Asks: 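There's a structure below that I have some questions on.
Computed from a predicted structure; not experimentally measured. Numbers restart at 1 for each chain; the letters A, B, ... are given by sequence-line order, proteins then strands.
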Amino acid sequence: MRVRAQMGMVMNLDKCIGCHTCSVTCKNVWTNRRGTEYIWFNNVETKPGRGYPRDYEDQERWQGGWKLNRRGKLQLRAGGRLRKLASIFWNPDLPTIDDYYEPWTYDYDHLISAPASDVQPAARPKSLVTGGDLDLQWGPNWDDDLAGSPRNAANDPNRRELEDKVKLEFEQAFMMYLPRICEHCVNPSCVASCPSGAMYKREEDGIVLVDQEACRSWRFCVSGCPYKKVYFNWNTGKAEKCNFCYPRVEAGLPTVCSETCVGRLRHLGIVLIDTDRVEAAASVPEEHDLLDAQLDLMLDPDDPEVREAARRDGIADDWIEAARRSPIYAMCKRWRIALPLHPEYRTLPMVWYVPPLSPVESMIEEGTEHADPDHLFAAVDEMRIPIEYLASFLAAGDPEPVRRSLTRMAAMRRFMRAADVDGRVDTAIATDVGMEPTEMEKMFRMVAIGDYDDRYVLPKRHGEVSPEAFAEQGSCGIDFSGKAETVVPLAAHATGEAGYEEGAVDPDFDLRDHLVRHRPNGDGRG
Amino acid sequence: MSQGDVLLYAVLPYAALAVFVVGHWWRYRRDQYGWGARSTQLLESRVLKYASTIFHFGVLAAIGGHVLGILIPRSWTAAVGVSDDAYHVIAVIGGLAAGGAVCVGFVLLVYRRLRFPRVRVTTTRADVITMGLLALGIVTGMLATIANFGDAVHYRESVAPYFRQLFVLDPQPELMTGGEVTFVFQLHVISAWLLFAWWPFSRLVHAWSIPVDYLRRSPIPYRSRYGRPRRRPEPATRIQAR
């Protein structure tokens with residue numbers, strides 16, 4: 001057993017209203033630069049729908065993620081390393097910007113500067129890439145809220161095998177929202193696709209990053225990621241992706257998308273992962289077993305053996321404590337209400353989802369006078385959003401995990417309603433869905449109340465172990481070209497106020513000591 | 001031998017090679033962020049499929065041909081029983097095939113860059129210079145191959161030894177100016193030196209980043225936030241008097 005901490009996120013889709021606040025705040029922080037206009041580290045898509053980029057879930061076409069080869073061994077779906085190198089001059093699986101959308105603005109100035117005329121002046125769309133006119137055919141969230149559904153939702157890759165179930169007629173239509181960020185997978189196929197080794201997982205928290213200085217523009221990460229969450233900055237020629245707001249997370253703050261979420265539906269925390277068994281877990285033959293295999297990797301932080309192993313592997317005590325309180329562990333493994341997105345890609349994703357229940361709320365709460373578990377299960381099966389559809393992207397097509405999750409969520413409502421409205425603690429409601437009543441109440445606290453401190457359990461980084469901690473102060477974590485220079489301390493061979501010597505280098509120079517003694521307004525005592 | 005000849009065939013080569021070496025060292029230290037292929041496949045993929053593939057494989061073949069032609073002396077091929085005529089036929093056919101591919105690929109690439117505004121906007125001034133120097137090298141190289149069907153310029157007795165003498169630090173510019181070496185060959189050689197001098201400042205540096213390490217590294221690299229020496233030197237020394 002080799003223990004590592006891994007950041008994770010759970011989004012409770014039951015609460016998502018599709019307001020796109022997460023996307024907008026994320027964009028303002030990370031991708032408002034030239035070359036990244038079309039890039040949304042966080043996006044919210046309507047399901048059924050084609051997604052962003054268009055039809056990204058169709059791996060027959062894009063060849064993202066992993067598959068098992070004939071000998072049952074895990075390999076990149078797009079082919080092995082030699083094949084990658086052979087196609088390095090032209091990547092056959094790379095989307096073009098039209099699969100996302102060509103970003104644009106409007107010629108607003110024309111509204112003011114147009115000469116007098118019989119007709120109203122119009123602000124024409126102008127491409128943010130070329131500056132030229134644009135004939136808009138597709139854009140961000142073009143199919144939001146089922147817009148143009150005969151053309152768009154009808155092409156949802158998840159719908160193909162369920163055509164009779166997923167109706168698009170008005171009376172039977174349904175929709176839901178799916179906010180997506182990088183999955184920060186335990187077995188990331190983008191990282192394994194990167195020829196130059198610029199992509200990596202962080203040992204401390206499992207966050208997947210691109211080393212901007214080592215990226216050489218080979219672009220296999222973009223096609224290798226089945227979620228299409230690695231993007232190509234066409235201006236710099238480098239790959240960029242969601243970085244889990246690591247400068248914030250390191251300081252114990254939630255990611256920007258989580259912090260600003262209006263529905264407070266995002267949960268953040270760490271889980272302890274047994275990294276020795278990652279390949280085995282991603283290689284289980286049956287796709288339906290991938291969920292349990294990944295849950296099996298998440299170690300129980302209350303187990304003394306696990307805690308001992310974690311300590312041995314250098315995980316600090318406050319991190320182990322955070323793993324104990326982790327909302328991710330609770331929702332994924334203890335209560336089993338959260339499910340991974342497309343586990344069949346075999347990347348062991350770490351952003352999980354609680355499937356949505358809301359459209360059948362009234363149906364489920366009917367007849368709660370006499371709790372009838374059969375009624376509950378039947379109601380879940382008749383939900384407006386078919387279980388099979390949810391299972392097609394949350395459980396590799398297996399309806400059972402989705403059913404378990406939904407009945408537990410529905411039972412929780414019923415259990416708390418009985419307690420709150422009728423003053424009746426009906427333990428049978430909990431035990432019928434396989435949960436302890438106390439756990440059900442804890443789940444209610446997490447899912448329905450969702451206190452800030454329950455939703456985000458983020459241990460701070462241990463910066464004190466960094467040999468460069470002082471030099472790092474003032475740096476912003478990511479340095480983009482031409483922006484945000486790192487602070488270069490005006491250090492010198494200081495033997496007194498006037499003792500700055502041009503070009504002198506002192507082998508015994510101690511930066512920390514120097515900065516403490518010479519800081520502005522300092523008392524000199526450090 | 002005029003002073004101009006010495007300048008072109010002895011001073012220029014060494015200056016170009018010096019710039020080549022020092023320039024790469026400087027750029028690698030200072031500009032990791034700008035070092036890469038700067039692919040534009042995201043913006044246009046259909047033409048690039050043919051343009052880039054044909055061009056790059058053509059270039060690899062052409063480089064291979066040049067290495068053979070320059071580094072392998074005539075006596076060696078003769079020793080293994082390859083006659084001058086046979087060598088010439090092979091060289092012309094191989095040269096035409098590789099050069100033809102480079103030409104087709106290059107024309108397609110330039111066409112693509114001009115034709116598609118999205119690709120055009122990513123073009124830097126450095127790219128224009130690179131394309132100009134490449135065009136000069138490709139055109140003179142093709143002309144030299146075509147003009148020499150009759151094997152009138154015995155370049156393996158003049159141009160090739162000229163390079164070999166350069167490499168052993170015994171420059172003999174007269175090998176390039178001695179009668180039979182035509183103007184096209186001379187121009188081709190000069191364009192090569194100019195391209196080498198320009199190389200470190202262009203996107204051509206991606207040629208040195210062919211990711212062979214990919215074949216043997218672990219599939220999922222981990223890096224520690226702290227406490228490990230960095231793979232590359234720091235961009236600029238932080239603690240230094242200024």
Side-chain angles (χ1 to χ4, degrees), chain A residues 81-82 84-85 88-91 94-97 102 127 129-132 187-188 191-192 194-197 199-204 212-219 222 232 234-238 461 463 465-468 471 481 486 488-493 500-505 509 511, chain B residues 31-46 48-57 105 116-122 203 205-206 209-232 234-242:
Chain A
R81 304 174 186 213
L82 278 173
K84 285 237 156 54
L85 292 192
I88 203 159
F89 304 135
W90 184 77
N91 178 347
L94 190 79
T96 66
I97 199 167
E102 184 166 344
S127 166
V129 181
T130 65
N187 183 38
V191 174
C194 172
S196 41
M199 294 191 73
Y200 61 99
K201 271 182 92 61
R202 295 214 298 189
E203 271 175 26
E204 289 80 4
Q212 290 291 304
E213 302 215 320
C215 174
R216 295 287 179 254
S217 203
W218 302 130
R219 73 220 173 279
V222 179
F232 191 84
W234 56 263
N235 188 37
T236 62
K238 306 264 170 167
R461 72 167 184 171
V465 303
S466 165
E468 295 182 81
S481 134
T486 43
V488 180
L490 185 74
H493 182 73
Y500 285 88
E501 274 178 50
E502 273 295 310
V505 176
F509 178 74
L511 174 64
Chain B
D31 186 29
Q32 282 293 323
Y33 189 61
W35 187 294
R38 294 197 51 234
S39 163
T40 52
Q41 194 186 338
L42 180 86
L43 301 170
E44 199 288 325
S45 186
R46 233 175 302 167
L48 188 75
K49 176 180 183 178
Y50 303 99
S52 173
T53 313
I54 295 172
F55 177 76
H56 280 96
F57 281 113
F116 299 99
R118 287 177 190 171
V119 185
R120 204 163 55 215
V121 296
T122 65
R203 67 163 70 180
V205 292
H206 75 274
S209 298
I210 297 171
V212 280
D213 192 48
Y214 184 48
L215 295 175
R216 54 187 184 88
R217 74 133 208 264
S218 86
I220 315 280
Y222 277 82
R223 287 199 210 170
S224 172
R225 176 80 166 77
Y226 307 115
R228 294 276 169 80
R230 299 189 73 168
R231 204 157 54 84
R232 289 180 314 284
E234 291 288 318
T237 317
R238 284 201 168 109
I239 308 168
Q240 201 175 46
R242 63 172 185 187

Asks: Quick check for you: among B:Val121, B:Leu42, B:Leu48, which has the greatest number of heavy-atom pairs under 4.5 Å with chain A?
Replies: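 Result: the option with the highest number of such pairs is B:Leu42.
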Asks: Do A:Lys238 side-chain atoms and B:Tyr33 backbone N/O form a donor-acceptor pair below 3.5 Å?
Replies: yes
Asks: Need one label for A:Leu82: side chain, backbone, both or neither, based on atoms under 4.5 Å from any heavy atom in chain B.
Replies: both
Asks: Shorter than 4.5 Å, heavy atoms on both sides: which option in A:Gly131, A:Ser127, A:Cys194 has the most such pairs with chain B?
Replies: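 If we count pairs closer than 4.5 Å to chain B, A:Cys194 comes out on top.
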Asks: Is the side chain of B:Gln41 donor-acceptor paired with the backbone N or O of A:Asn91 at a distance under 3.5 Å, no angle test?
Replies: yes
Asks: Using a 4.5 angstrom heavy-atom cutoff, name the option from A:Pro188, A:Gly237, A:Gly132 with the most pairs to chain B.
Replies: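 Most heavy-atom pairs under 4.5 Å with chain B: A:Pro188.
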Asks: Return the option, out of A:Val222, A:Thr96, A:Ile88, with the maximum number of heavy-atom pairs under 4.5 Å with chain B.
Replies: A:Thr96
Asks: What part of A:Pro95 gets closer than 4.5 Å to chain B, counting heavy atoms only: side chain, backbone, both or neither?
Replies: backbone
Asks: For the residue pair B:Arg223 and A:Tyr200, would you count it as a cation-pi contact if the rule is NZ or CZ under 6.0 angstrom from the ring centre and within 45 degrees of the ring axis?
Replies: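 Relative to the ring axis of A:Tyr200, which defines the angle, B:Arg223 lies inside both limits.
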Asks: In this structure, are over 12 heavy atoms from other groups packed under 6.0 Å from B:Tyr50 atom OH?
Replies: no
Asks: For A:Ser196, is there any backbone N or O sitting under 3.5 Å from a side-chain donor or acceptor partner on A:Arg216?
Replies: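 The answer is no, because no donor-acceptor pair under 3.5 Å joins these two groups.
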Asks: Taking A:Asn235, A:Leu94, A:Asn187 one by one, which has the highest count of heavy-atom pairs under 4.5 Å against chain B?
Replies: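 Counting heavy-atom pairs under 4.5 Å, the top option is A:Leu94.
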Asks: Go through the atoms of B:Thr40 and report whether side chain, backbone, both or neither lie under 4.5 Å from a heavy atom of chain A.
Replies: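 No part of B:Thr40 comes within 4.5 Å of chain A.
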Asks: Would you call the rings of A:Phe89 and B:His56 parallel, tilted or perpendicular if under 30° counts as parallel and over 60° as perpendicular?
Replies: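 A:Phe89 vs B:His56 ring planes: parallel.
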Asks: Given that the side chain runs from C-beta out, which part of A:Arg219 has a heavy atom under 4.5 Å from chain B: side chain, backbone, both or neither?
Replies: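 For A:Arg219, side-chain heavy atoms alone lie under 4.5 Å from chain B.
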